[in-house]
Amino acid sequence: RPAAMNAFELISTSQGLNLGSLFEK
Amino acid sequence: MGCVCVKPVKHTPGYEDPVILASETTFTVSEVEALYELFKKISHSIIKDGLIHKEEFQLALFRNSNKKNLFADRVFDLFDAKRNGVIDFGEFVRSLSIFHPDTEKTEKISFAFRLYDLRHTGFIEPDELKEMVLALLNESDLCLSDDVVQQIVDKTFAEADKKGDGKIDPDEWKEFVVQNPSLLKNMTLPYLKDITMAFPSFVMKSEVND
């Protein structure tokens with residue numbers, strides 16, 4: 001049920017917030 | 001009698017003493033020096049001036065220098081503390097320190113709040129939250145109707161905006177994050193714990209002992 005999602009939870013999955021990729025060779 | 005010639009190490013503009021940076025952040029001197037190796041790599045990827053430009057940041061994040069992403073833009077802007085359009089070494093280290101596993105949760109909570117306060121009003125407002133949800137949907141395969149997006153925003157606000165004044169202030173945000181700790185997951189980078197292992201080449205050049 002998408003409407004039950006937490007908006008911030010959804011946003012936090014953005015690739016732009018995954019700074020771990022900076023460390024990938 | 002012999003003599004030892006020590007070639008001075010050349011640093012890029014914006015370079016700051018690792019000892020000072022370590023004293024102001026969660027990193028050790030060795031870790032700051034290892035981060036300099038990463039910084040050099042990113043900051044020389046397109047424009048070789050020793051500063052991280054937005055295109056270089058996007059390239060490091062997405063392997064694509066032209067990929068537009070609202071959240072990457074926000075992170076870049078927050079890293080760019082001097083607001084001059086580039087990230088220098090000091091800004092890079094001070095900002096990444098927030099993502100260190102040992103950094104206080106309150107710093108992470110505050111950084112995430114500033115990240116989501118798109119218009120710098122000191123509050124997270126419903127139109128900002130909706131804009132961010134739409135931006136996320138745009139970059140993913142998830143397709144939701146406008147009605148459903150609105151329901152998600154309304155429901156999140158109903159939970160987070162305890163005072164019911166139509167905006168989320170820093171205290172409400174803190175309380176909401178305490179109830180939903182997974183929201184801070186991407187504010188911690190385990191890589192930073194073993195950054196010296198990831199960039200061991202600095203050890204050969206280290207100028208300071210920890």
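Residue numbering restarts at 1 for every chain, and letters A, B, ... go by the order of the sequence lines.
Taking OH of B:Tyr116 as the reference point, atom CG of A:Leu17 lies at 5.0 Å (rounded to 0.5 Å). For the atom pair A:Leu22 CG and B:Tyr191 OH, the distance stands at 9.5 Å (nearest 0.5 Å). In this structure, CG on A:Leu19 lies 5.5 Å from CG on B:Leu189, to the nearest 0.5 angstrom.
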Could you go step by step and tell me if A:Leu10 and B:Thr156 meet the side chain to side chain contact (heavy atoms under 4.5 Å, CB included) rule? CA-CA 11 Å; A:Leu10 203 56; B:Thr156 305; over 6 Å; no
Side chain to side chain contact (heavy atoms under 4.5 Å, CB included) between A:Gln15 and B:Leu61: does it pass, once the steps are laid out? CA-CA 8 Å; A:Gln15 231 193 317; B:Leu61 270 186; over 6 Å; no
Please report the C-alpha distance between B:Ile124 and A:Phe8 in whole Å, then the side-chain angles of each, then the deciding distance to 0.1 Å, and finally whether the side chain to side chain contact (heavy atoms under 4.5 Å, CB included) criterion is met. CA-CA 11 Å; B:Ile124 302 170; A:Phe8 290 107; 4.1 Å; yes
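The number of heavy-atom neighbours closer than 6.0 Å to NZ of B:Lys185, taken from other residues, nucleotides and ligands shown, is 12 or below.
The nearest pair of heavy atoms linking B:Lys41 to A:Glu24 is NZ-O, 4.1 Å. Closest approach of B:Asn69 to A:Gly16, counting heavy atoms only: OD1-CA, 3.6 Å. Nearest heavy-atom pair, A:Glu9 versus B:Leu183, reported as atom, atom and distance to 0.1 Å: N-CD2, 3.4 Å.
Between the side chain of A:Ser14 and the main chain of B:Leu136, no donor-acceptor pair closer than 3.5 Å is present. The closest donor-acceptor contact from the side chain of B:Asn186 to the backbone of A:Asn18 lies at 3.5 Å or more, if one exists at all.
Of the two parts of B:Lys130, neither the backbone nor the side chain holds a non-hydrogen atom closer than 4.5 Å to a non-hydrogen atom of chain A. Proximity to chain A (any heavy atom under 4.5 Å) is restricted, for B:Phe79, to the side chain, taken from C-beta onward. Both the backbone and the side chain of B:Val133 have a heavy atom closer than 4.5 Å to some heavy atom of chain A. Looking at B:Asn180, the atoms closer than 4.5 Å to chain A (heavy atoms on both sides) all sit in the side chain, from C-beta outward. Neither the backbone nor the side chain of B:Leu70 comes within less than 4.5 Å of any heavy atom in chain A. Proximity to chain A (any heavy atom under 4.5 Å) is shown, for B:Leu184, by neither the backbone nor the side chain. Contact annotation for B:Ile168: only side-chain heavy atoms (C-beta onward) come within less than 4.5 Å of a heavy atom of chain A. Only the side chain of B:Leu96 comes within contact range of chain A, with heavy atoms under 4.5 Å apart. In this structure, chain A has no heavy atom under 4.5 Å from any part of B:Phe76.
Options B:Ile42, B:Leu192, B:Leu129, B:Val75 differ in how many heavy-atom pairs under 4.5 Å they form with chain A, and the most are formed by B:Leu129. When B:Phe176, B:Phe157, B:Phe99, B:Phe71 are compared by the number of non-hydrogen pairs under 4.5 Å with chain A, B:Phe71 comes out ahead.
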